[in-house]
Amino acid sequence: MPMIQDILTSSLRGALVGLGVEPVPERIPVERSNRPELGDWSSSVALAAAKASGRKPRDLADELAAKLRVDPPAYVSEITVAGPGFLNFKLHDRWLHDVLTEVVEKGVEGYARHDIGHGERVNVEFVSANPTGPLHVGAGRWAVYGDALCRILERCGHAIHREYYLNDRGVQMGLLAASVAAARAGQPTPEDGYQGQYIADWAAEMADDADPAVWAPQRALADIEAALGSLGVEFETWFSEKSMIASGAIDAALADLRASGLVYEKDGATWLRTTDLGLPKDEVLLKTGGEPTYLLGDIAYHRDKFTRGFTRLIDIWGADHHGHVDRLKAGVQALGHDPAELEIVLGQLVTIVKDGQVVRMGRRSGTFVELAEVVDEVGPDVARLTFLLQSIDTRQTFDLDAVVSKSMDNPVFYVQYAHARIASISRVAAEKNVPRYPLEMVDLSGLDHPRELDLLRSLGELPEVVADACRTRAPHKVATWVRELAGRFHGFYHDCYVMGEGVSHEQTQARLWLVESTRIGLAIGLDLLGVSAPDSM
RNA sequence: GCCCCUGUAGCUCAGCGGAUAGAGCGGCUGCCUUCUAAGCAGCGGGUCGCAGGUUCGAGUCCUGCCGGGGGCGCCA
């Protein structure tokens, strides 16, 4: 919560009480004005509270304004009423200069850091693609989103554990082994098997005495790990589904479920009575023949996460797993947990376009573009920001040709260029032996150019942007903010020289600190996205 | 049929219930004798899918319809 907002909110509350308005609204809206010519901040309380006060909105606004003018809140230079009854506050530029000071004093480490999570231990599971082949480009979205979300959660006071669930057991594993074995033997791909080029490559790579059932998943895992590593995404834990059979975790979960009284046998299979938990039908836990279903494994896995001490679990899944959400939540509930402790983020799928054509992704059909190829070609920064600029709730069109060939006007470079320009200013200042005074010795009051003030306005918003991105699980809000800050810096850079002819000593000193605060803002934003901040380009 | 996401400029997308809806790309036009032109500025471009409703106020919330994507397996 920014200081200004608190100041204005409490002043307005006081004024409302003073006018005898009953009841005073619980929430007093105070927001940044999007009409800079009218004011820096505004409030619409008068519109909301008009009825309760028995006045017309405009009249209430006028009275509030008159009352506040008697003893104006800190920073406020002018209070006006406009439109249907908006209160507009003009502030001394000093409020923005104080933003600069705060940014510099708190620095990259401390600015825009929150304690929303109070150190809560949160397990974030993402990607978790089956180890049946290389990752395709679309998986990059989950990797990058998940990692950025973790970074944001960390900055907001959560203890984060990144985890990848490895479905190294079950029907698909058998199909992978059979597909590789068949390719090795020069036989046709088995029914429902995998037939990408990589199957042939791997078959050729495999040693004669290797067991495909063991070797192939390991090969796939190595490939997946490498692709994610090249994107800069790393996990604390790679959790094996298969390991839960030997460890007894599956049996333990099943025993707990039985204890809930919701388990029964039918048609040779073992079922969970999920209809008792609000689902349209019951679910199978053990298939005919005793093999655990994916659902049982996943319930056991989530049970394990809870037993490891995490109090909140966040799973990031593609929308194609939507059907599994209620089942898993029901399973967690059957184990006695509040389903709210398990939060599932569903991301919309990525459509890949190549040569103007939609590429249908499917490992079994073998027509897919590998994530590793794309990262090799454009680099992790481009790949990351491309994924992160868009809300996870909208289907993303990833145009390979645009991302690759026109990489020069990718937003990444626009943002990084701002950072490089800042570094360049520092270099030149050093070369020219421009003295640099400590912030407390510098007069910031000369920072009054619209470009300078815009820059500070953006910087002032960062704490809220980070908190909002955290609460709404929306890293793209940080991405769009970074782009805006970079844009404002380029405008400043063009119009306001930091040193040189026609720039006074005082101006140089103030602007050097302005530039430094911008660097801090860019560094924080880019770090939250996992994008590098280069000193030269 | 039911469930989730979505429909905003030619294209790709932003837009906490607030005032005159924004950015990038593409098109046209200007700006390099000072810190990096991977930049800046200007012009053009919109019935925010449609219809109701709630509200002082709706691109934003609710309902219905239409279009797009995904889901509803003893697959994962």
Side-chain angles (χ1 to χ4, degrees), chain A residues 29 31-35 38 42-44 46-48 50-51 56-57 82-86 88 128-130 132 167 169-173 175 192 241 267-271 280-281 283-289 291-295 297-298 318-327 346-349 351 389-397 399 402 406-414 416-418 420-429 431-432 434 451 464 468 472 476-477 479-480 483-484 487 489-503 508 511-512 515 536-537:
Chain A
E31 50 204 9
R32 289 188 176 74
S33 176
N34 50 357
R35 304 279 298 271
L38 295 179
S42 71
S43 175
S44 57
L47 278 66
K51 206 169 269 179
K56 289 179 184 166
F86 285 100
N88 289 304
S128 298
N130 297 341
T132 54
N167 305 124
R169 184 200 71 82
V171 178
Q172 301 305 327
M173 282 298 105
L175 284 170
D192 290 331
E241 178 185 8
D267 303 334
T270 301
W271 298 70
K281 57 186 180 50
E283 298 294 337
V284 173
L285 295 171
L286 293 176
K287 304 179 197 175
T288 306
E291 183 82 354
T293 57
Y294 176 78
L295 175 62
D298 216 11
D320 53 340
H321 288 65
H322 173 229
H324 190 59
V325 172
D326 286 345
R327 295 198 283 262
L346 284 184
Q348 298 302 304
L349 303 180
T351 302
L389 268 169
Q390 207 167 120
S391 158
I392 202 74
D393 288 334
T394 64
R395 186 161 46 108
Q396 181 165 33
T397 305
D399 188 328
K406 303 196 308 186
S407 63
M408 277 318 194
D409 40 38
N410 187 293
V412 163
F413 298 104
Y414 184 78
Q416 292 184 323
Y417 188 44
R421 278 179 149 178
I422 290 173
S424 169
I425 289 172
S426 292
R427 278 193 302 271
V428 173
E431 282 164 21
K432 291 185 176 174
V434 175
R451 299 290 208 180
E464 284 161 89
D468 186 32
T472 59
H476 80 276
K477 290 178 178 175
T480 53
R483 191 175 51 182
E484 181 190 79
F489 176 77
H490 287 308
F492 160 82
Y493 185 91
H494 184 266
D495 288 357
C496 306
Y497 283 99
V498 173
M499 10 181 203
E501 268 177 66
V503 186
T508 294
R511 284 179 175 171
L512 280 171
V515 164
S536 67
M537 290 176 67

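A, B, ... follow the sequence lines: proteins, then strands. Residue 1 opens every chain.
Rounded to an integer number of Å, the gap from A:Ile422 CD1 to B:C35 P is 17 Å. If you measure from atom CG of A:Asp393 to atom C1' of B:G70, you get 13 Å, rounded to the nearest angstrom. Nucleotide B:C5 holds its C1' atom 14 Å from the NE2 atom of A:His476, rounded to whole Å.
Of the candidates B:C40, B:U12, B:C72, B:C40 carries the atom nearest the A:Arg451 side chain, counting heavy atoms from C-beta on. Comparing B:C35, B:G18, B:G69 against the side chain of A:Ser44 picks out B:G18 as the nearest. Comparing B:C75, B:G69, B:G71 by their nearest atom to the side chain of A:Arg395 picks out B:G69.
When each of A:Gly323 and A:Pro57 is assigned the nucleotide of RNA chain B bearing its nearest heavy atom, the one mapping closer to the 5' terminus is A:Pro57. Mapping A:Gly318 and A:Gly487 onto RNA chain B via the closest heavy atom, the residue that lands nearer the 5' end is A:Gly487.
Remark: the A:His494 side chain and the A:Arg451 side chain contain no N/O donor-acceptor pair separated by less than 3.5 Å.
For B:C13, one of the phosphate oxygens OP1 or OP2 lies less than 4.0 angstrom from a side-chain nitrogen or oxygen of A:Thr397. Listed pair A:Thr132 / B:C75 fails the phosphate criterion, with no side-chain N or O lying under 4.0 Å from OP1 or OP2. Contact check, A:Lys281 against B:C72: no side-chain N or O comes under 4.0 Å of OP1 or OP2. Using a 4.0 Å cut-off, no side-chain N or O of A:Tyr493 falls inside it from OP1 or OP2 of B:A41. Considering only side-chain N and O atoms, A:Lys287 lies nowhere under 4.0 angstrom from the phosphate OP1 or OP2 of B:G73.
If you take atom C1' in B:G69 and the same atom in B:A37, they sit 41 Å apart, rounded to whole Å.
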